[in-house]
Amino acid sequence: MMIIARVFPVSLARHPSKQVFRGFLSLRPTPKRSTLFSPSRGRRWGLVLGTVLTTSAIALQTAVYADSVDNEEGPVERKPTPLSSLVRSYVVYTACSIPGMVDWSPTILSTLMSVPVVKRITEAVVRITFFDQFVGGESAEGTLPVLEDLRKENKGCILAYSVEVDESEAAGAAKKQEVPAYKRIVQEMIHSIDVAADFEEKHASASGVRGTWIAVKLTAMLPNAQSLINLSKHLVDTRPTVPSVVPFPGAPHLTDLDVLESPTIQGTLLTERDIIDLRNLYADLIKVCTRAQERGIRLLIDAEYSWYQPAIDAFTLALMRQFNKLPNDDTSPSSNFQPLIYATFQAYLRRTPAYVAQSLADARAGGYALGIKLVRDAAKKHSSLSICPDLDPPVWATKSETDHSYNSSVKVILDAVVKDMEQNRPSTRKVSWLSFLKKEQRVGPGSAPLTIGVLFGSHNWESQKLILEELVNRGLATVEGPTENGETIVRVGDEVAPRVTVAQLYGMKDALTNYIVDRTRSSSPFVVKYIPYGTLVEVMPYLSRRAIENKSVLGNGTAEEERRRALEEMKKRLLG
């Protein structure tokens, strides 16, 4: 890796105490060269990177603070941003801007971690750079300071225990372990629900909406993720042959999990061991969902590589039908009922527009509330085509098609939210005459169960602005006076707050997150950050995968934008 120095237009000669920062403020990646990361150079660049980041880490101890900004109901102080965080962001995004660095990050980390003397230095450097940038802590309790800081700015969070599945194990080369790691992961997910619920009980909002969610990763809950691949292949091969309106990986069927109870498994890739493990997975998911229901914490079922997705969709549908089940007309619904289980819809897949429409219809017919997490998602490896029977690829060919898929889905989903709210109003709701005999029956806004909830995950400025505009256009939000930048303030009322949320990843696009917070007013968090946690060793694979999956985002100017933003702020702090 070649990193060159740039001298500032304003000399630092008048600031001798700030000379130590000259090296960090002048780091910038070299122009792209096709031979920058050849296989023969991977280890060499890893050692060089370790040296550079170790040197850079010296600056991460000094804190200088930012200005105050508006919060949910008026001017309050946003937590000051330490200069050390700006330096860290600059170093991290400079590394992400280097051609080939993202693709070679697993090799680089593996090389550095294999050298005994270098391993500890590498861990220390990764901890104070990439770990602190993108990970909230080593344990659920360790994230609480981050959660507290976010809540002071009316931001919520999605806690995610980010342990990665070993792909070699998923291919069938499982390693024997004395204590099943996947069982510890299940217990940790349940524990994180308790941590989230305890936190929310200390921060109750006027609307009663809880701003802390939990992400659930199915591949981490199995001894061998190959079982999910085998189930996915089985579902693709055995679902009805009638042409589906939903392209690959299709839509889940009510009968998808019947195979787990089948006395015979002939003519399928599924083994007896797979069936046992998948049954245990379902039982563990029931435990996780039951605890979440008891503690009032919403769950997001994360999407994963598309060779897992048919199986993940099948489990998610089964869980929604059980835990998002709507009460009958003659029962008294809970005043704060909301979808507990949220499925992930990926706009980069060609199926998404049709899948959204199909899911809305199935939820209405099945009498359950639909939870939607809509994301663009980064392009996955094309080896996902290995279980795809379609001639056309499962992903959109261009970014503009993905953008259209996302934005059009936003409008369809918000239309469904409008319909849900209209049905909630006293003038349009149908109530069984028998229900009036129940003393606890209430007919009014908020007394009927929600039939849809959505979390829009996006780092795209245009899409986030579109969401705010469409909320106003559909009467789901009102407009108030302008912000300091002259844009209107959008107020999201307590009736909409349980139904609509937006999100970004922790450590990325903080400027966009702050923009949304400054432009909106709500009594509970309208915007949340997806916060991974886990020990350094556990999350290293996550950091590498996340970087690779978001390469299209980083390469689309995000890394350079974040690097430039940190640089300009450091210049302003140090040079005035």
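When a residue number appears, it is its place in the shown sequence, counting from 1.
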### Task
Return yes if some donor-acceptor pair links the side-chain N/O of Arg499 with the main-chain N/O of Glu495 below 3.5 Å, else return no.
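Yes; judged by distance alone, with no hydrogens or angles, the pair exists.
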
### Query
So, does Lys529 use its side chain to make a donor-acceptor pair with the main chain of Leu505 at under 3.5 Å?
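Checked: pair present.
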
Smallest separation among heavy atoms of [X] and [Y], with atom names:
X      : Y      : result
Val245 : Ala354 : O-CB, 3.4 Å
Pro249 : Arg239 : O-NH1, 3.3 Å
Ile214 : Ala196 : CD1-CB, 4.1 Å
His191 : Ala140 : CD2-CB, 4.2 Å
Arg376 : Ser463 : NH2-OG, 2.7 Å
Ser409 : Val356 : OG-CG2, 4.2 Å

Ion pair [X]/[Y], N-O distance below 4.0 Å:
X      : Y      : value
Glu304 : Lys217 : yes
Arg564 : Glu561 : no
Lys202 : Glu148 : yes
Lys465 : Glu470 : no
Asp415 : Lys419 : no
Arg295 : Glu201 : yes

#### Entry: Criterion side chain to side chain donor-acceptor pair (under 3.5 Å) on Ser400 and Thr398, from CA distance to verdict
CA-CA 5 Å; Ser400 61; Thr398 65; 3.1 Å; yes

### Query
Going through the distances and angles, do Asp494 and Val209 end up as a side-chain contact (heavy atoms from CB on, under 4.5 Å)?
CA-CA 8 Å; Asp494 290 349; Val209 179; over 6 Å; no

In terms of the angle between their ring planes, are [X] and [Y] parallel, tilted or perpendicular, with boundaries placed at 30° and 60°?
X      : Y      : value
Tyr282 : Phe315 : tilted
Tyr515 : Trp461 : tilted
Tyr308 : Tyr305 : tilted

### Full working for side-chain contact (heavy atoms from CB on, under 4.5 Å) between Trp307 and Ser232
CA-CA 7 Å; Trp307 50 82; Ser232 291; 5.9 Å; no

Could you grab the distance from atom [atom1] of [X] to atom [atom2] of [Y], nearest 0.5 Å is fine?
X      : Y      : atom1 : atom2 : result
Met421 : Ile452 : CE    : CD1   : 12.5 Å
Asp420 : Ile413 : CG    : CD1   : 13.0 Å
Ser306 : Ile312 : OG    : CD1   : 10.0 Å
Thr488 : Glu469 : OG1   : CD    : 8.5 Å
Tyr355 : Leu360 : OH    : CG    : 11.0 Å
Ile185 : Leu222 : CD1   : CG    : 10.0 Å

### Task
Flag the pair Phe134 / Tyr506 as yes when their ring centroid distance falls below 6.0 Å, and as no otherwise.
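Between Tyr506 and Phe134, which both carry aromatic rings, the centre distance is not below 6.0 Å.
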
#### Entry: Output field: ring centroids Tyr342/Trp213 closer than 6.0 Å
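Yes, the ring of Tyr342 comes within the 6.0 Å limit of the ring of Trp213, centre to centre.
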
Side-chain touch [X]/[Y], heavy atoms, less than 4.5 angstrom:
X      : Y      : answer
Glu401 : His404 : no
Ser458 : Tyr406 : yes
Arg151 : Glu200 : yes
Ile301 : Lys373 : no
Asp302 : Val216 : no
Leu455 : Ile372 : no
Asn324 : Leu319 : no
Phe526 : Val490 : no

#### Entry: Stepwise side-chain contact (heavy atoms from CB on, under 4.5 Å) check, Ile297 with Asp194
CA-CA 9 Å; Ile297 296 297; Asp194 290 333; over 6 Å; no

#### Entry: Distance-only donor-acceptor check, side chains Gln133 and Ser89, under 3.5 Å
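Yes, a side-chain donor-acceptor pair sits under 3.5 Å.
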
### side-chain contact (heavy atoms from CB on, under 4.5 Å) assessment of Asp149 paired with Glu153
CA-CA 7 Å; Asp149 290 342; Glu153 300 175 18; 5.8 Å; no

### Derivation and outcome, side chain to side chain donor-acceptor pair (under 3.5 Å), residues Lys155 and Asn514
CA-CA 9 Å; Lys155 301 172 185 174; Asn514 291 337; 2.6 Å; yes

### Arg321 NZ/CZ over Tyr368 ring centroid, <6.0 Å and within 45° of normal
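Checked: cation-pi criterion not met.
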
### Task
Evaluate side chain to side chain donor-acceptor pair (under 3.5 Å) for Gln464 paired with Asn460, printing each intermediate quantity in order.
CA-CA 6 Å; Gln464 291 291 1; Asn460 185 285; over 6 Å; no

### Leu285 and its side chain to side chain contact (heavy atoms under 4.5 Å, CB included) partner, picked from Thr316, Leu218, Val186
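Option passing the side chain to side chain contact (heavy atoms under 4.5 Å, CB included) with Leu285: Leu218.
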
